[in-house]
Amino acid sequence: MTGTEITSCTEALRLLAAYLDTELEEHEHGEMERHLQRCRSCYSRAEFEAHLKASIAELAHEPVPPRLSARVHTLIREFTVAGDR
Amino acid sequence: MADVATAPMDRTDQAWFADQITALLPDLYGAAVRLCRDRTEGEDLVAEAVAKAWEGLPSLRTRNAFRGWVFRILTNTYISQYRSSRTHGDIESLDADDDAFSLFEQLHQPILLWWGNPEQDFLNRLLRDELVQAIDRLPDCLRTVVILIDVQALSYREAATALDVPVGTVRSRLARARSRLQKALWENAHDAGITTGPAPSRREEEGPDDGD
Ligand SMILES: [Zn+2]
């Protein structure tokens with residue numbers, strides 16, 4: 001009665017991306033967790049995809065050039081001056 | 001007027017805005033560099049997006065939504081101004097079988113499994129530069145979803161809003177993008193000989209399976 005039941009690996013793999021992106025409904029998320037606890041093959045696949053996603057997420061960390069920080073702060077100061085007129 | 005967002009902006013707004021932007025600047029710059037595939041253009045894009053965000057601040061309904069909103073501005077600015085000089089019509093050029101490729105499955109071909117833990121080995125050797133190159137080679141429509149969702153951790157809904165497309169489109173583009181990425185990484189690894197030959201250190205790491 002709680003919606004989709006994950007009965008096959010095909011179904012689990014179809015939902016894997018949304019699961020890793022935490023985009024599944026709560027009951028589906030629970031279903032996936034139960035399947036991954038039981039199924040070694042899907043578990044390895046999920047672990048691999050999660051690691052790859054984490055590696056991509058690390059690209060978010062770009063050191064900001066001081067030139068850009070200075071430029072942005074100058075911009076914001078100019079907003080105030082303009083707003084005060 | 002009770003609604004803060006429609007009130008005229010003052011020094012309090014300016015200080016709040018400055019704090020928010022300062023905190024988000026590394027993320028914004030990270031996204032901008034990956035969008036533009038160029039550091040200098042990335043700086044220009046961030047500066048432009050910050051200016052637009054300030055102008056548009058009165059239209060921001062809830063300040064909790066600031067992060068997603070600023071990324072929307074950044075992405076839109078990129079799409080409308082920077083992209084036009086480059087790739088056009090890249091959605092049409094997508095192959096239908098794009099979303100079928102799985103790196104994991106490739107790594108689990110019997111010949112590779114013989115060496116133990118190929119997917120772990122692969123991840124250990126995966127370099128930031130390879131990943132950056134693979135992402136840079138994606139067409140705009142796919143690169144933007146990867147950047148918003150995987151790099152900047154926006155939800156599907158936030159990304160859909162940022163790109164002004166339905167959530168279903170975000171899903172399908174994301175699947176294609178990941179498939180293409182994995183394919184590119186596989187081809188890279190293959191060209192570099194990483195996935196073809198034996199990895200000498202593997203046997204030691206396997207330990208218990210050796211039985212001697
Ligand atoms: Zn399974």
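Convention: sequence-line order gives letters A, B, ...; per-chain numbering from 1.
Arg72(B) places none of its side-chain heavy atoms less than 4.5 Å from the side chain of Leu148(B). Between Arg34(B) and Asp136(B), some side-chain heavy-atom pair lies under the 4.5 Å cut-off. The closest side-chain heavy-atom distance from Leu15(A) to Glu31(A) is not below 4.5 Å. Using a 4.5 Å heavy-atom threshold, the side chains of Ser69(A) and Leu25(B) count as touching.
Using the six-membered ring where Trp is involved, Phe48(A) and Phe104(B) have ring planes that are tilted, between 30° and 60° apart.
When heavy atoms are compared at a cutoff of 4.5 Å, Ala153(B) does not approach chain A at all. Of the atoms belonging to Leu52(A), heavy atoms from both backbone and side chain fall under 4.5 Å from chain B. Of the two parts of Ser44(A), the backbone and the side chain both hold a non-hydrogen atom closer than 4.5 Å to a non-hydrogen atom of chain B. In this structure, chain A has heavy atoms under 4.5 Å from both the backbone and the side chain of Glu43(B). Proximity to chain A is limited to the side chain of Ile21(B), based on heavy atoms less than 4.5 angstrom apart. Contacts between Ala18(B) and chain A at a heavy-atom distance below 4.5 Å involve backbone atoms as well as side-chain atoms. Of the two parts of Arg71(A), only the side chain, counted from C-beta on, holds a non-hydrogen atom closer than 4.5 Å to a non-hydrogen atom of chain B. Both the backbone and the side chain of Ile149(B) come within less than 4.5 Å of a heavy atom of chain A. For Leu174(B), the part lying under 4.5 angstrom from a heavy atom of chain A is the side chain only. At a 4.5 Å heavy-atom cutoff, the contact between Ala18(A) and chain B is made by backbone and side-chain atoms alike.
For the residue pair Leu142(B) and Arg180(B), the shortest heavy atom distance occurs at CD1-CD, 4.0 Å. The two residues His35(A) and Ala12(A) come nearest to each other via the heavy atoms CD2-CB, 3.5 Å.
Most heavy-atom pairs under 4.5 Å with chain B, from the set His51(A), Glu62(A), Lys53(A), Glu49(A): that is Glu62(A). Note on Glu58(A), Glu47(A), His73(A): by heavy-atom pairs under 4.5 Å with chain B, the leading option is His73(A).
Of the possible donor and acceptor atoms, one in the side chain of Arg143(B) sits under 3.5 Å from a partner among the backbone N and O of Leu35(B).
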